[in-house]
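Because only heavy atoms are used, hydrogens play no part in the values below, and waters and symmetry mates are left out as well, while side chains stay in. Chain letters run A, B, ... following the sequence lines, proteins first and then strands; every chain starts at 1.
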There are 2 protein chains.
Amino acid sequence: MYRRVKELGVVSEGILIDQIDPSSDRAVFRQIADQLRQAIENGRLREGEKLPSEAELIEHYGVARMTVRQAIQELRNEGLAVAEHGRGVFVRRRPPVKRLASDRFARRHRKDGKAAFLAESEAVGAKPQVDHIAISEMQPPQEISERLRIAPDTTVVARSRRYLRDGHPVELATSYIPVEIARGTQIMEPNSGPGGIYARIEDQGHTLERFVEDVSTRMPTREEAKLLNLSAGTPVFRLIRTAYDLEGMAVEVCDTIMSGDAFLLSYELPAH
Amino acid sequence: MYRRVKELGVVSEGILIDQIDPSSDRAVFRQIADQLRQAIENGRLREGEKLPSEAELIEHYGVARMTVRQAIQELRNEGLAVAEHGRGVFVRRRPPVKRLASDRFARRHRKDGKAAFLAESEAVGAKPQVDHIAISEMQPPQEISERLRIAPDTTVVARSRRYLRDGHPVELATSYIPVEIARGTQIMEPNSGPGGIYARIEDQGHTLERFVEDVSTRMPTREEAKLLNLSAGTPVFRLIRTAYDLEGMAVEVCDTIMSGDAFLLSYELPAH
DNA sequence: AAGTGGTCTAGACCACTTT
DNA sequence: AAGTGGTCTAGACCACTTG
């Protein structure tokens with residue numbers, strides 16, 4: 001009356017072949033997850049294809065509903081599957097990855113009047129958009145004031161925006177700029193003008209010399225997941241970029257959250 | 001008989017204060033997760049502290065066990081909490097992050113005979129170790145042969161190892177080196193000698209000029225999670241580094257999986 | 001032995017999608 | 001209306017940790 005083996009009917013395009021090994025130490029829901037994972041990894045289930053429904057899995061393995069739901073939950077956490085209410089569970093489609101090369105902030109890319117994100121996206125044929133622009137003066141978090149080398153209670157101009165590619169949000173960014181540089185410039189306007197804020201900073205006499213990018217990864221907060229429309233099992237990049245001028249002054253810090261499945265960061269390092 | 005409100009007893013150090021709003025659209029388990037998440041984020045529950053037990057949560061909120069387990073599952077997936085069988089659920093401790101600067105492969109760091117990982121770790125006072133060294137000749141995956149600019153069926157030398165910091169595994173790496181360079185050298189030995197394999201490659205007359213690192217992030221495979229001892233909710237970096245010599249020849253590709261909570265990658269970009 | 005989380009069963013009702 | 005996943009209850013037994 002426990003873990004009865006069904007007649008070996010081919011269920012759902014022949015994905016379900018194996019049964020559970022009741023003698024195994026491995027939890028039943030993990031064994032089910034293992035079999036589905038294998039089907040995904042070896043291509044028997046391709047991107048976008050529907051997994052067997054909960055009802056089919058219950059029938060095939062002869063287990064309770066919670067057990068198959070745990071198995072599916074595991075695949076969702078791993079980023080292998082996504083559930084769509086009322087439709088089914090599907091093998092996760094991997095969105096095309098955008099490669100960001102380390103020369104993306106080179107001045108020549110700014111010359112033609114395009115900000116970095118717009119130029120990059122157009123280069124791969126994606127339609128770039130920017131929304132949710134908010135500009136304010138505020139006291140930045142400690143991580144930012146440290147990088148700007150200013151006292152913790154100093155006010156800076158913060159410029160937040162969200163970037164979309166082909167209508168899908170992929171990146172949240174907030175730039176922090178010392179007020180002495182930003183005040184009275186187009187940096188305070190939603191449209192920062194040709195070449196973006198880096199061009200405006202250079203207009204102010206701060207010729208940019210180098211950037212430092214600190215990259216980390218983690219799971220998104222709920223807020224980030226909502227704004228980037230992330231499905232379960234998608235981590236984010238946190239990228240903090242500090243811009244320095246010729247005098248070595250930190251003139252901007254940009255704190256960016258990027259959808260982890262939408263970017264590949266490419267950096268070049270000299271061997272000296 | 002449903003969602004009964006308990007006498008407002010202070011449970012478990014006063015973490016549980018609020019109740020469920022039954023009129024809310026938000027699922028009960030999400031409301032519970034929200035309250036616990038808030039306690040973690042605003043510091044009422046600090047790193048390493050124990051969350052209320054399932055029994056306490058059931059008692060406090062007047063819900064079924066599966067409901068509180070779903071709430072806790074959510075926090076685990078977000079990387080905020082870790083469960084320890086028989087002990088309780090604890091606020092995730094963030095291990096100290098190791099910063100990898102972009103000059104970490106500069107030749108001067110190799111001069112004193114240390115491979116990059118060992119030198120870096122010692123610099124921050126962590127005890128570095130290497131284990132699981134496996135060396136073989138094989139046909140590399142496509143991503144690798146493309147970067148080495150060799151035909152897909154060409155054999156290369158693959159050198160796999162696992163790196164540990166203070167006894168905890170943090171990184172898995174496999175280097176792929178063309179056989180013409182590796183054969184007959186210490187690259188084929190578990191101990192690659194002073195300065196590591198980059199020093200051996202230079203011994204062969206290939207002076208290194210630059211590296212390109214391609215960084216992506218994703219959830220680990222089961223295999224990776226086991227080898228790196230990752231808890232749920234920890235993503236990994238995938239870093240593919242290609243080394244080029246003065247002639248522009250790709251002389252090595254290193255495919256690395258790094259525990260996402262153990263590293264911060266720091267890169268410097270010129271503004272040109 | 002007591003307390004904790006891990007796994008599993010067997011139902012129920014709901015909301016969303018498709019036919 | 002039928003099929004799908006989302007949420008929830010109310011139990012059960014097990015395995016691990018601590019006193």
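B:Glu146 and B:Gln142 form a side-chain donor-acceptor contact under 3.5 Å, judged by distance and modelled atom types alone. A side-chain donor from one of A:Tyr61 and A:Gln35 sits under 3.5 Å from a side-chain acceptor of the other. A donor atom on one side chain and an acceptor atom on the other are found under 3.5 Å apart for A:Arg161 and A:Ser175. Between the side chains of A:Thr217 and B:Arg218, not a single donor N or O lies within less than 3.5 Å of an accepting N or O. Judged purely by distance below 3.5 Å, without hydrogens or angles, the side chains of A:Gln73 and A:Asn77 pair a donor atom with an acceptor atom. No hydrogens or angles considered: a donor-acceptor pair under 3.5 Å links the side chains of A:Asp214 and B:Ser266.
Which of D:dT4, D:dT9, C:dG6 sits closest to the side chain of B:Ala83 comes down to C:dG6.
As rounded to whole Å, 14 Å separates atom P of D:dT4 from atom CZ of A:Arg69. Following rounding to the nearest Å, B:Glu74 (CD) and D:dC8 (P) show an atom-to-atom distance of 11 Å. What separates CD of A:Gln73 from C1' of D:dG5 is a distance of 12 Å, to the nearest Å. Distance, B:Met66 CE to C:dT7 C1': 10 Å, rounded to whole Å. The CD1 atom of B:Ile32 sits 13 Å away from the P atom of D:dT7 (whole-angstrom rounding). For the pair A:Leu51 CG and D:dG5 P, the computed distance is 9 Å after rounding to whole Å. We find that CG of B:Leu57 is positioned 12 Å from C1' of C:dT4, with the value rounded to whole Å. Distance CD (A:Gln70) to P (D:dG5): 16 Å, rounded to an integer number of Å.
Remark: A:Arg76 is in phosphate contact with D:dG6, judged by side-chain N or O atoms under 4.0 Å from OP1 or OP2. Not one side-chain nitrogen or oxygen of A:Arg65 sits closer than 4.0 Å to the OP1 or OP2 atom of C:dA10. Residue B:Thr67 places at least one side-chain N or O under 4.0 Å from the OP1 or OP2 atom of D:dT9.
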Output one line per pair: protein atom, nucleotide atom from nucleotides 16-19 of chain D, and distance, for all N/O pairs under 3.5 Å.
residue	atom	partner	partner atom	Å
D:dT18	OP1	B:Arg87	NH1	3.2

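Within 6.0 Å of atom CD in B:Gln38, 12 or fewer heavy atoms from other residues, nucleotides or ligands are found, so the atom counts as exposed in its surroundings.
In terms of the side chain to side chain donor-acceptor pair (under 3.5 Å) criterion, B:Gln31 has no residue partners (sequence neighbours excluded).
B:Arg104 forms no cation-pi arrangement with B:Phe263, by the criterion of a distance under 6.0 Å to the ring centre and an angle within 45° of the ring axis.
No N or O donor and acceptor, one from the side chain of B:Arg30 and one from the base of D:dG6, sit under 3.5 Å apart.
Stretches of at least 3 consecutive Watson-Crick or G-U wobble pairs, with each checked distance under 3.5 Å, appear in DNA chain C as C:1-18 with D:1-18.
Both B:Glu54 and A:Arg26 lie close to DNA chain C; mapped to their nearest nucleotides by heavy-atom distance, the more 5′-ward contact belongs to B:Glu54.
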